[in-house]
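Reading through the structure tokens given below for one structure.
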Amino acid sequence: MITSKYFNMGKIVVTYGISEAMKENDRFAAEVNLSLQRYAVKDWGSVSDGDKQVNEDALKYPDDLYLLAAYQTCEGKIFITTNRISENAGDNATTVCFPSER
């Protein structure tokens, strides 16, 4: 289980496309796992400097969190996002998806 000491990742989920690609490609599955580990330590990947700063600023408001990161993999770019999923503060989910699934 991947957790972050910097923010509440909540439930970690992957989209259908990511799930299917992970089943078919062990290398991609390992890259998704590595990307999640990087994300957990605030390595936001290949997003712009402005988006990195937006993420850092968002960490000041953990009850209403929205974070975005992007990583290159053997299957192309993936995005990882964390956001609040209910009216309850701190009820977060982290989602891994392809750009076409955003």
Side-chain angles (χ1 to χ4, degrees):
M1 170 153 238
I2 297 172
T3 60
S4 173
K5 69 178 184 177
Y6 301 104
F7 59 95
N8 173 12
M9 294 176 71
K11 182 177 182 179
I12 298 173
V13 298
V14 299
T15 59
Y16 178 80
I18 295 289
S19 176
E20 290 301 302
M22 289 175 71
K23 288 177 192 173
E24 296 173 5
N25 186 329
D26 290 339
R27 177 179 168 197
F28 177 67
E31 289 174 341
V32 169
N33 187 52
L34 177 61
S35 296
L36 282 164
Q37 290 174 21
R38 290 174 59 191
Y39 184 77
V41 296
K42 304 191 312 178
D43 173 347
W44 309 123
S46 61
V47 295
S48 70
D49 288 342
D51 285 337
K52 290 175 183 178
Q53 187 58 55
V54 168
N55 284 348
E56 293 297 325
D57 292 344
L59 293 173
K60 298 173 187 171
Y61 306 98
D63 289 342
D64 195 24
L65 199 57
Y66 181 81
L67 302 170
L68 168 69
Y71 305 92
Q72 293 297 326
T73 72
C74 64
E75 295 284 338
K77 183 184 277 189
I78 62 170
F79 287 110
I80 301 178
T81 60
T82 297
N83 60 291
R84 192 165 86 178
I85 58 173
S86 76
E87 293 181 7
N88 299 323
D91 187 10
N92 298 337
T94 296
T95 305
V96 182
C97 67
F98 287 117
S100 63
E101 298 176 306
R102 279 189 76 203

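Residue numbers start at 1 and run along the sequence shown. Just so it is clear, the structure is predicted and the values come from calculations on it, not from any experiment.
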d(Lys52 NZ, Leu68 CG) to nearest 0.5 Å is 11.5 Å
Answer whether the closest heavy-atom distance between the side chains of Met9 and Thr3 falls below 4.5 Å.
no
Look up atom CD in Gln37 and atom CG in Asn33, then write down how far apart they are to the nearest 0.5 Å.
4.5 Å
Check: Glu101 side chain, Gly17 main-chain N or O, donor-acceptor pair, under 3.5 Å
yes
Grab the two heavy atoms, one from Ile18 and one from Cys97, that are nearest each other, plus how far apart they are.
CG1-CA, 3.6 Å
Nearest 0.5 angstrom please: Lys42 NZ to Leu59 CG, how far?
6.0 Å
Hey, quick one: are Ile80 and Val54 part of the same hydrophobic cluster, counting side-chain heavy atoms closer than 4.5 Å, chains of contacts allowed?
no
Student check: side-chain heavy atoms of Asn8 and Pro62 closer than 4.5 Å
no
Which residues satisfy the side chain to side chain contact (heavy atoms under 4.5 Å, CB included) test with Asn83, sequence neighbours excluded?
Tyr66, Thr81, Ile85
For Lys23, what residues pass the side chain to side chain donor-acceptor pair (under 3.5 Å) criterion, not counting sequence neighbours?
Glu20
Under 4.5 Å between any side-chain heavy atoms of Thr82 and Phe7, yes or no?
yes
Does any part of the side chain of Trp44, heavy atoms only, come nearer than 4.5 Å to the side chain of Asp51, both counted from C-beta?
no
To check you understand the geometry: which heavy-atom pair defines the closest contact between Val47 and Ala70, and what is its length?
CG1-N, 3.6 Å
Judged by atom type as modelled, is there a donor-acceptor pair below 3.5 Å linking the side chain of Asn88 to the main-chain atoms of Asp91?
no
Leu65 side chain near Arg84 side chain, heavy-atom distance below 4.5 Å
no
Are Thr94 and Lys11 packed together at the side-chain level, in the sense that at least one heavy-atom pair is separated by less than 4.5 angstrom?
no
Kindly write out the residues that satisfy side chain to side chain donor-acceptor pair (under 3.5 Å) with Lys77, not counting sequence neighbours, or none if the list is empty.
none
Under 3.5 Å, is there a donor-acceptor pair between the side chain of Thr73 and the main chain of Glu31?
no
Between the side chains of Asp49 and Gln53, does any donor sit under 3.5 Å from an acceptor?
no
Side chains of Ile12 and Ile2: closer than 4.5 Å at any heavy-atom pair?
yes
Please answer: with hydrophobic residues joined when any side-chain heavy atoms are less than 4.5 Å apart, are Val41 and Leu67 in the same cluster?
yes
Tell me whether Leu36 shares a hydrophobic cluster with Tyr6, the cluster being built from Ile, Leu, Val, Met, Phe, Trp, Tyr side chains joined at under 4.5 Å.
yes
Under the criterion side chain to side chain contact (heavy atoms under 4.5 Å, CB included), I'd like the reasoning laid out for Ser35 against Val96: C-alpha separation, chi angles, the key distance, then a yes or no.
CA-CA 9 Å; Ser35 296; Val96 182; over 6 Å; no
Does the side chain of Tyr39 pick up a donor-acceptor pair with the side chain of Ser4 at under 3.5 Å?
no
Given side chains that start at C-beta, do those of Thr15 and Thr95 come closer than 4.5 Å, heavy atoms only?
yes
